[in-house]
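To start, the structure itself, in structure tokens.
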Protein chains: 2
Amino acid sequence: MKAYKIPEATVIRLSIYSRQLSNLRKAGVETVSSEEIANSVGVSSAQVRKDLAYFGEFGTRGVGYRVDELLGNLTKILGLTKEWNLAIIGAGKLGSALALYEGFRQRGFSIRAIVDVDHKRVGLDLAGVVVDPLDRLETLIKERDIKIGIITVPAAEAQRVTDRLVDAGVPAVLNFSPQVLRVPPHVVLRNVDLAVNLKVLSFNLSHNS
Amino acid sequence: MKAYKIPEATVIRLSIYSRQLSNLRKAGVETVSSEEIANSVGVSSAQVRKDLAYFGEFGTRGVGYRVDELLGNLTKILGLTKEWNLAIIGAGKLGSALALYEGFRQRGFSIRAIVDVDHKRVGLDLAGVVVDPLDRLETLIKERDIKIGIITVPAAEAQRVTDRLVDAGVPAVLNFSPQVLRVPPHVVLRNVDLAVNLKVLSFNLSHNS
DNA sequence: ACTCCTTTGTTACCAAAATCACTATCCTTA
DNA sequence: TAAGGATAGTGATTTTGGTAACAAAGGAGT
């Protein structure tokens, strides 16, 4: 599991493969070919094989891949054998929706803290997690071993809370705010920008036709 | 504004530039250099210039770009001079959060319909838009000239409602469900997969250190 | 055991995107 | 009005990611 520079596109596809394999396993399928995976995801079979080749040999020629085995390997590759503790920063509309959303409460990830500046929101119970005051951020991060911080505060506050997360030792940030964030190189950052997504659609609508 | 094959990464950056320029304009800044834009976004100045070069010459050498002028051009390029009508399919946690979220109610985009199968949700008022029954989907699309459909239904229903959107003539889909969607080539599709984002972070956390 | 069929793993090739380096042009000021 | 400094625009180069083709390897059937 070495393989130094893995393209981000590959990692994204791997996580989609893992989801499809999970579905196949539920459906009782035992083996699958790169071609079948490719079709279900909408890429080429060569792409699938190449993505997997970064990490080893998981199939048998002439046969394909054993679903449970490949899924196990992808789970290891993606680091999903352990549980990652999450904190949501900002219990507004988006933050609470994410807290309640099932898609976020899945194997491998556990929402352990939700914080907000607004005292009216403190004390609310969101699917079993009680909203704490923002002051307690650093304490909670340490006490609950938070590894991923999810930013759902307004743009104006986003950098400030991110700095606090980073200073408190959180190694990964998922940013939902419409704000470019600065983090030191050892911190992993991903952006989910809803406005940008709409603008990209707008661009394509304006030019494709 | 011809420029046939524009990299998606470029379009994403352009929409981020436009946001930064918007902030600059609010701050009263009149001119800006590619270097300054680059610094505020975290890319190289050459990248900024190259992205803009796909569409024309917007700056003056030795000086930089006029903020309002460049913003105007980006607005045109991104197709944000007209209003795009949105429909949210699925008024669950995520769908209603998006409906209420300010980030979605911004210049250029207007939520015109929200639908759900669940009759308990029909009739709810979400920031001025009343939830309609899913049956009315096709009617609403035509009546309200919906151009972008936002999928926030469970994975199992995602392809079905997408097909209905496509058949009703919706040219763009923003998919929040954890499901690979098939659309014909003339339909623009973007995916915002929360689980995938977490998995990519997990991968990086597991390998970066 | 031999042959054929299938499908993986891998290499070589190609395309696309990012970076770099250079040139052209404008503004300022002496 | 000439010169210097700044910065946009652009062509060349490098890097990266994707495609395609093929050799290696396993299984099935005769």
Side-chain angles (χ1 to χ4, degrees), chain A residues 1-17 20-21 24 29-71 73-74 77 200 203-204 207, chain B residues 1-17 20-21 24 29-74 77 200 203-204:
Chain A
M1 217 167 291
K2 268 289 56 170
Y4 257 38
K5 196 52 193 164
I6 310 294
E8 164 158 317
T10 290
V11 179
I12 291 172
R13 283 190 298 268
L14 288 176
S15 79
I16 296 173
Y17 303 158
Q20 305 295 55
L21 287 167
L24 288 177
V29 178
E30 297 203 334
T31 61
V32 68
S33 69
S34 60
E35 185 69 36
E36 291 167 316
I37 296 175
N39 287 336
S40 83
V41 173
V43 300
S44 73
S45 64
Q47 182 79 80
V48 172
R49 294 197 296 278
K50 189 149 203 208
D51 286 337
L52 296 175
Y54 284 107
F55 300 95
E57 306 188 4
F58 305 114
T60 58
R61 301 176 186 212
V63 179
Y65 304 89
R66 297 219 36 185
V67 170
D68 53 1
E69 190 183 315
L70 183 54
L71 179 55
N73 278 305
L74 286 179
I77 291 166
V200 173
F203 174 87
N204 286 311
H207 292 71
Chain B
M1 217 167 291
K2 43 326 97 93
Y4 259 39
K5 196 51 192 163
I6 310 294
E8 165 157 317
T10 290
V11 180
I12 291 172
R13 283 191 298 268
L14 288 175
S15 78
I16 296 173
Y17 304 158
Q20 304 296 57
L21 287 166
L24 288 176
V29 178
E30 298 204 333
T31 61
V32 67
S33 68
S34 60
E35 184 68 36
E36 291 168 316
I37 296 175
N39 287 336
S40 83
V41 173
V43 299
S44 73
S45 64
Q47 182 78 81
V48 172
R49 293 196 298 275
K50 192 138 209 225
D51 286 336
L52 296 175
Y54 283 108
F55 301 94
E57 307 188 3
F58 304 113
T60 58
R61 304 178 185 205
V63 180
Y65 304 90
R66 296 220 38 185
V67 170
D68 54 1
E69 190 183 316
L70 183 55
L71 180 55
N73 279 305
L74 286 179
I77 290 167
V200 173
F203 174 88
N204 286 311

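Letters go in sequence order (proteins before strands), and every chain restarts at 1. Note that the structure is a prediction, hence the values are computed from the model and not measured.
In this structure, the CZ atom of A:Phe55 is 18 Å from the P atom of C:dT8, given to the nearest Å. A straight line from CZ of A:Phe58 to C1' of D:dA25 spans 18 Å, rounded to a whole angstrom. The nearest whole Å value for the distance from the CG atom in B:Leu52 to the P atom in D:dT10 is 11 Å. Atoms NZ (A:Lys5) and C1' (D:dG18) sit 17 Å apart, rounded to a whole Å. Distance CD1 (B:Ile12) to P (C:dA16): 18 Å, rounded to an integer number of Å. Here D:dT10 presents its P atom at 14 Å from CG of B:Asp51, a figure rounded to the nearest Å.
Just one residue in the list B:Thr10, B:Ile6, B:Ile12 forms a side-chain contact (heavy atoms from CB on, under 4.5 Å) with B:Glu8, and that residue is B:Ile12.
Residue A:Tyr65 has no polar side-chain atom (N or O) positioned under 4.0 Å from OP1 or OP2 of D:dG26.
The side-chain contact (heavy atoms from CB on, under 4.5 Å) test applied to B:Asn39 returns B:Glu35, not counting sequence neighbours. Under the side-chain contact (heavy atoms from CB on, under 4.5 Å) criterion, B:Glu30 pairs with no residue at all, not counting sequence neighbours.
Here CD1 of B:Ile37 is found 6.5 Å from OH of B:Tyr65. Values are rounded to the nearest 0.5 Å. The structure places CD1 of A:Ile77 at 12.5 Å from OH of A:Tyr54, a figure rounded to the nearest 0.5 Å. Here the OG atom belonging to B:Ser40 is positioned 8.0 Å from the CG atom belonging to B:Leu21, to the nearest 0.5 angstrom. Within the model, atoms CG of A:Asn73 and CZ of A:Phe58 stand 4.5 Å from one another, a figure rounded to the nearest 0.5 Å. One finds the CG atom of B:Leu74 at 11.0 Å from the CZ atom of A:Phe203 (value rounded to the nearest 0.5 Å).
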How does protein reach along nucleotides 24-30 of chain C, written 5' to 3' as B (base within reach of a heavy atom under 4.0 Å), S (only sugar-phosphate), or - (no contact)?
BBBS---

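For the pair B:Glu8 and A:Gly59, nearest-nucleotide mapping onto DNA chain C gives the more 5' position to A:Gly59.
Identified under the salt bridge (charged side-chain N to carboxylate O under 4.0 Å, His left out) test for residues 49-71 of chain B, with sequence neighbours left out: B:Arg13-B:Asp51, B:Arg66-B:Asp68.
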What protein N or O atoms touch nucleotides 13-15 of chain D N or O atoms at under 3.5 angstrom, if any, and at what distances?
none

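With A:Glu36 contributing its side chain and A:Ser33 its backbone, the two residues share a donor-acceptor pair below 3.5 Å.
Contact check for B:Val41 versus B:Val48: no side-chain heavy atoms found under the 4.5 Å cut-off.
Within residues 33-49 of chain B, the residues that have a heavy atom under 4.0 Å from DNA chain C are, in order of number, B:Ser44, B:Ala46, B:Gln47, B:Arg49.
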